[in-house]
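Just so you know, these numbers use all the heavy atoms, side chains as well, and skip hydrogens, waters and symmetry mates.
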Amino acid sequence: MADESISGNLKDLSLNRNGAVSKKSHLVVCFGEMLIDFIPTVSGVSLAEAPAFEKAPGGAPANVAVCISKLGGSSAFIGKVGDDEFGRMLADILKQNNVDNSGMRFDHDARTALAFITLTAEGEREFVFFRNPSADMLLRESELDVDLIKKATIFHYGSISLIDEPCRSTHLAAMDIAKRSGSILSYDPNLRLPLWPSEDAARSGIMSVWNLADIIKISEDEISFLTGADDPNDDEVVLKRLFHPNLKLLLVTEGSAGCRYYTKEFKGRVNSIKVKAVDTTGAGDAFTGGVLKCLASDASLYQDEKRLREAIFFANVSAALTVTGRGGIPSLPTQDAVQRTLAEVTA
């Protein structure tokens with residue numbers, strides 16, 4: 001394993017390796033679901049016991065898009081919401097956060113998806129979804145903004161959009177367009193078992209596009225689920241079962257502990273920072289956004305371990321700051337907030 005310490009210049013990861021300011025044209029296009037999260041005002045109680053809920057915009061791909069923009073990058077979102085007040089609100093929130101929402105579509109019949117989230121006292125989550133069907137499941141290939149996809153330096157997606165037709169076929173078509181256009185394909189399975197027909201369907205669905213991705217971010221729980229292994233920390237299991245020949249970078253998030261990384265040339269681990277967690281919603285997306293923001297302006301990042309470790313630490317700090325607030329998008333940090341924290345911890 002690589003040394004746990006972080007060396008090198010962490011002051012401004014918006015600079016590329018030549019010291020020039022990165023251009024804002026390094027576009028990350030995020031594909032998938034955007035919805036409304038209802039977060040209980042009190043932690044450690046069931047949905048029935050919660051006295052009230054706060055609404056917050058959410059959905060993993062949308063969270064990643066907003067995170068990249070708030071961190072100073074360039075992002076766009078492609079997905080479908082209902083032609084209702086929640087859907088219009090979500091489109092406006094993307095616009096307010098400088099995310100290109102021109103690839104959003106509005107369904108006149110289906111509603112915007114809702115998710116009620118229960119929080120443990122430690123801020124961990126359980127989900128109850130309302131989507132029977134919701135608008136995000138109904139995006140059709142004919143509704144894709146092909147030109148927007150072709151502009152992507154990175155095309156990022158999850159697995160929820162692979163569950164149901166017609167969205168599944170649309171998702172696969174979008175991946176194909178991005179791949180043929182030279183985009184880096186980034187995949188975060190973001191396992192949500194209640195949305196899948198069965199555990200077997202979830203495994204096969206998630207793995208059906210596994211070997212097409214250039215970058216994969218996965219959690220320890222997802223490793224256990226996909227491999228059936230008792231120990232998600234076993235490098236042999238990770239490398240043999242999950243590291244496919246075309247993969248450039250595999251990231252394994254470990255919650256508050258940090259992240260492990262695997263490439264064809266090296267592997268290692270980067271610690272996170274200690275914070276008091278209030279709500280872990282969006283933490284993984286904040287991590288992904290941090291990594292993709294750095295990678296979009298430095299496409300060979302995964303080939304240089306020093307630069308990669310700096311980018312992962314940047315992403316770890318982004319995720320850590322996110323869990324100190326409630327809700328996914330509202331808690332995502334700005335570039336200034338991350339840079340201030342980096343300056344404090346590396347002083």
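- Of all the heavy atoms in G205 and L162, the pair that sits closest is O-CD1, 3.8 Å.
- Between V291 and F314 the shortest side-chain heavy-atom distance does not fall below 4.5 Å.
- Under a hydrophobic clustering in which Ile, Leu, Val, Met, Phe, Trp and Tyr are joined whenever their side-chain heavy atoms come within less than 4.5 Å, directly or via other members, V237 and L249 fall into different clusters.
- Using modelled atom types, no side-chain atom of R131 and backbone atom of A113 make a donor-acceptor pair closer than 3.5 Å.
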Check your understanding: Where do I117 and T281 land on the side-chain contact (heavy atoms from CB on, under 4.5 Å) test, with the steps shown first?
Key -> CA-CA 9 Å; I117 302 173; T281 304; 4.2 Å; yes

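- Atoms CD1 and OG1, on I154 and T288 in that order, are 11.0 Å from each other to the nearest 0.5 Å.
- The pair D147-K150 fails the salt-bridge criterion, with no side-chain N (NZ, NE, NH1 or NH2) lying under 4.0 Å from an Asp/Glu carboxylate O.
- Side-chain polar atoms of D136 and S134 form a donor-acceptor pair below 3.5 angstrom.
- To the nearest 0.5 Å, atoms OG1 (T322) and CG (L332) are separated by 5.0 Å.
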Point to revise | side-chain contact (heavy atoms from CB on, under 4.5 Å) evaluation trace for K80 with S161 | key: CA-CA 11 Å; K80 200 172 194 181; S161 46; over 6 Å; no

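- Between the S159 side chain and the P189 main chain, a donor and an acceptor come within less than 3.5 Å of each other.
- Remark: N190 CG to I218 CD1 distance equals 11.0 Å, nearest 0.5 Å.
- Here the side chain of S69 pairs a donor or acceptor atom with the backbone of N97 at under 3.5 angstrom.
- Between S186 and L292 the shortest side-chain heavy-atom distance falls below 4.5 Å.
- Between E49 and S46 the shortest side-chain heavy-atom distance falls below 4.5 Å.
- Judged by distance alone, the side chains of Y261 and R309 do bring a donor and an acceptor atom under 3.5 Å apart.
- Looking at R88 and D92, no side-chain N of the basic residue comes within less than 4.0 Å of a carboxylate O on the acidic one, giving no salt bridge.
- Side-chain contact check for V238 versus Y262: some heavy-atom pair is nearer than 4.5 Å.
- In this structure the side chain of L71 never reaches within 4.5 angstrom of the side chain of I68, judged on heavy atoms.
- For the pair M104 and F77, the minimum side-chain heavy-atom distance is below 4.5 Å.
- For the pair T170 (side chain) and L139 (backbone), a donor-acceptor distance under 3.5 Å is present.
- In this structure, W210 contributes its side chain and L242 its backbone to a donor-acceptor pair below 3.5 Å.
- S297 places a side-chain N or O within donor-acceptor distance of the main-chain N or O of C294, the cut-off being under 3.5 Å.
- For S75 (side chain) and A65 (main-chain N/O), a donor-acceptor pair under 3.5 Å exists by modelled atom type.
- Residues T334 and D336 bring no donor and acceptor atom of their side chains to less than 3.5 Å of each other.
- Rounded to the nearest 0.5 angstrom, F155 CZ and I78 CD1 are separated by 6.0 Å.
- Salt-bridge annotation for D214 and K248: present, with a side-chain N of the basic residue lying under 4.0 Å from a carboxylate O of the acidic one.
- For the pair A320 and S272, the tightest heavy-atom approach, listed with the atom from each and the gap, is CB-OG, 4.0 Å.
- Tracing side-chain contacts under 4.5 Å through hydrophobic residues (I, L, V, M, F, W, Y), one never reaches L35 starting from F53; they form parts of separate clusters.
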Practice item. Please test L251 against R260 for side-chain contact (heavy atoms from CB on, under 4.5 Å), starting from the C-alpha separation and ending with a verdict. Key: CA-CA 6 Å; L251 297 164; R260 305 200 304 275; over 6 Å; no

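- In the hydrophobic cluster analysis, where Ile, Leu, Val, Met, Phe, Trp and Tyr join through side-chain heavy atoms closer than 4.5 angstrom, I163 is grouped apart from M137.
- Residue Q335 holds its CD atom at 5.5 Å from CD of Q339, rounded to the nearest 0.5 Å.
- Smallest separation of non-hydrogen atoms from G289 and C67: CA-SG, 3.9 Å.
- By the neighbour-count criterion of 12 heavy atoms within 6.0 Å, atom CZ of R192 is densely surrounded, having more than that number from other residues, nucleotides or ligands.
- Side-chain atoms of S300 and R307 include a donor-acceptor pair closer than 3.5 Å.
- Applying the side chain to side chain contact (heavy atoms under 4.5 Å, CB included) test to A213 and every residue at least two apart in sequence or in another chain returns Y157, Y187, I216.
- Note: the hydrophobic cluster containing I223 also contains M207 (ILVMFWY, side chain heavy atoms under 4.5 Å, direct or indirect links).
- For K179, the NZ atom counts as densely surrounded, since its 6.0 Å shell holds more than 12 non-hydrogen atoms of other residues, nucleotides or ligands.
- For R111, the CZ atom counts as loosely surrounded, since its 6.0 Å shell holds 12 or fewer non-hydrogen atoms of other residues, nucleotides or ligands.
- Put simply, L148 and V146 are part of the same group of oily side chains (I, L, V, M, F, W, Y) that touch within less than 4.5 Å, one to the next.
- The backbone N or O of V64 lies less than 3.5 Å from no partner atom in the side chain of D285, so there is not a single donor-acceptor pair.
- Other residues, nucleotides and ligands contribute over 12 non-hydrogen atoms within 6.0 Å of the NZ atom of K264.
- In summary, the side chains of E165 and S169 do present a donor paired with an acceptor at a separation below 3.5 Å, with no hydrogens or angles considered.
- Classification of E344 and R340 as a salt-bridged pair fails, no side-chain N sitting under 4.0 Å from a carboxylate O.
- A salt bridge links E254 with R269: the distance from a Lys NZ or Arg NE/NH1/NH2 to an Asp or Glu carboxylate oxygen falls below 4.0 Å.
- Proximity of a side-chain donor or acceptor of S318 to a complementary backbone N or O of A286 within less than 3.5 Å is detected.
- Side chains of T112 and D84: a donor on one and an acceptor on the other come within 3.5 Å.
- T263 places a side-chain N or O within 3.5 Å of a backbone atom of F266 that can act as its donor or acceptor partner.
- Taking CD1 of I312 as the start and CD of E305 as the end, the distance is 8.5 Å to the nearest 0.5 Å.
- Considering all non-hydrogen atoms of both residues, V270 and N316 come closest at O-ND2, 3.2 Å.
- Side-chain contact between I206 and L191 is present, with heavy atoms from C-beta onward closer than 4.5 Å.
- Inter-residue side-chain proximity for R203 and F225 is flagged as met; some heavy-atom pair is nearer than 4.5 Å.
- A side-chain N or O of E222 and one of S219 form a donor-acceptor pair less than 3.5 Å apart.
- Taking the six-membered ring for Trp and the full ring otherwise, the centers of F130 and F116 sit less than 6.0 Å from each other.
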Exercise for review: Check the pair F127 / T118 against side-chain contact (heavy atoms from CB on, under 4.5 Å), numbers first and verdict last.
Suggested key: CA-CA 7 Å; F127 296 85; T118 56; over 6 Å; no

